[in-house]
Amino acid sequence: MLNRMRVLQAPFTMRLPGRVAPSEQTHAAVVERTLVLMQEVGQAPILVKREVQGFILNRLQGALLNEALRLFRDGYVSAEDLDKTVKHGLGLRWSFMGPFETIDLNAPASVVDYAGRYGPLYRDVDTQRSAANPWQPETLERLAQARREILSEAQLAERQAWRDRRLMALMAHQRQHA
């Protein structure tokens, strides 16, 4: 594995622009110094302990996108309502804590209690997922059409700028209330 730091798109809008992924030959002091430096400039870097395709953020995003596409493709939810579910549910909560902290706080006796209560349900849901590729052209065309009904192509750039402003405001809020 090569030494590298990956930068996400629009790094000025995110505190997690860097993933430190050292090779076996990278000295621990270099890794630590890199993490500290990134923190000192206001970033929230992560240490990737071993290489994995897609790195960490993209794999998590991919898992959510794959399931979102399946739910949309199979007619369980509209594109708009799925976006609302994440925007007003998971996204709201996950803007200030991750999935492990969430489950740690969502059962009276912490993580193991949560797993005992909800683990079987989540495992059943996981086994019900279709192996069929959710990224089929027909599904993506339907999704694109649904999105253009909500937001025209001419409005995309304006909405992207709005997104960037909102992300920067959220980051400022998080820094102020950390």
Side-chain angles (χ1 to χ4, degrees), residues 1-2 4-23 35 38 43-107 110-148 150-151 156 159-160 163-164 166-167 170-171 174:
M1 176 181 1
L2 301 173
R4 63 174 157 245
M5 181 180 79
R6 306 273 294 201
V7 178
L8 298 173
Q9 195 170 15
F12 64 90
T13 64
M14 304 189 75
R15 290 192 61 223
L16 179 71
R19 294 160 270 199
V20 178
S23 73
L35 291 169
M38 293 172 76
Q43 303 306 314
I46 68 167
L47 174 62
V48 179
K49 295 182 178 185
R50 55 186 209 157
E51 191 161 354
V52 62
Q53 182 182 7
F55 285 99
I56 307 305
L57 185 143
N58 291 334
R59 289 180 69 92
L60 290 171
Q61 180 171 280
L64 181 61
L65 285 171
N66 286 336
E67 185 64 8
L69 283 166
R70 285 184 189 104
L71 291 168
F72 174 75
R73 174 195 66 200
D74 296 343
Y76 290 105
V77 67
S78 69
E80 184 175 16
D81 285 344
L82 195 131
D83 278 348
K84 285 180 188 178
T85 300
V86 174
K87 177 181 177 180
H88 299 293
L90 291 175
L92 184 62
R93 179 181 334 172
W94 287 356
S95 71
F96 60 91
M97 64 180 164
F100 292 151
E101 184 176 6
T102 298
I103 67 171
D104 192 33
L105 300 176
N106 279 1
S110 186
V111 173
V112 175
D113 183 22
Y114 185 93
R117 294 168 185 255
Y118 306 108
L121 168 68
Y122 288 130
R123 180 66 191 131
D124 283 349
V125 168
D126 194 49
T127 62
Q128 295 169 16
R129 286 192 175 91
S130 164
N133 178 6
W135 295 86
Q136 293 295 322
E138 308 83 45
T139 302
L140 298 173
E141 286 299 322
R142 281 186 42 239
L143 177 58
Q145 180 181 1
R147 286 295 308 151
R148 292 302 64 83
I150 297 166
L151 184 71
L156 282 172
R159 187 67 171 178
Q160 289 164 340
R163 173 207 57 205
D164 292 348
R166 298 307 318 139
L167 284 170
L170 178 59
M171 283 176 38
Q174 287 176 331

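Source: prediction; values computed, not measured. Just so it is clear, the values below take in all heavy atoms, side chains as well, and ignore hydrogens, waters and symmetry mates.
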Kindly say whether Ala79 contributes a backbone atom to a donor-acceptor pair with the side chain of Arg147 at under 3.5 angstrom?
no
If you draw a 6.0 Å radius around CZ in Arg166, do more than 12 non-hydrogen atoms from other residues or ligands fall strictly inside?
no
Would you give the length of the straight line joining atom CD of Gln145 to atom CG of Leu143, rounded to the nearest 0.5 angstrom?
10.5 Å
Pairwise salt bridge (charged side-chain N to carboxylate O under 4.0 Å, His left out) hits with a residue in residues 127-138, at least two apart
Glu67-Arg129, Asp126-Arg129
Compare every heavy atom of Ser78 with every heavy atom of Phe72, then report the nearest pair and how far apart it is.
CD1-C, 4.1 Å
Write down the atom of Ala68, the atom of Leu82, and the distance for their closest heavy-atom approach.
CB-CD2, 3.5 Å
Under 4.5 Å between any side-chain heavy atoms of Leu156 and Arg148, yes or no?
yes
With sequence neighbours excluded, what pairs up with Asp113 under the salt bridge (charged side-chain N to carboxylate O under 4.0 Å, His left out) test?
Arg117
Would you say Asn58 and Arg19 make side-chain contact, with heavy atoms under 4.5 Å?
yes
Heavy-atom closest pair (Arg73 atom, Pro134 atom, distance to 0.1 Å) is NH1-CA, 3.6 Å
Would you be so kind as to tabulate the donor-acceptor pairs closer than 3.5 Å made by side chains of residues 85-106, with sequence neighbours excluded?
| unit_1 | atom_1 | unit_2 | atom_2 | d |
| --- | --- | --- | --- | --- |
| Thr85 | OG1 | Asp81 | O | 2.9 |
| Ser95 | OG | Leu92 | O | 2.8 |
| Thr102 | OG1 | Gly98 | O | 2.8 |
| Asp104 | OD1 | Ser110 | OG | 2.2 |

Beyond-backbone contact of Leu47 with Pro22, side-chain heavy atoms, under 4.5 angstrom:
yes
For the atom pair CG (Asp74) and OG1 (Thr139), what is the distance rounded to the nearest 0.5 Å?
8.0 Å
Heavy-atom side-chain proximity of Ile46 to Phe55 below 4.5 angstrom
no
When rounded to the nearest 0.5 angstrom, what distance separates CG in Asp164 from CZ in Arg159?
11.5 Å
When every non-hydrogen atom of Pro120 is compared with those of Ala115, the smallest separation belongs to CD-O, 3.5 Å
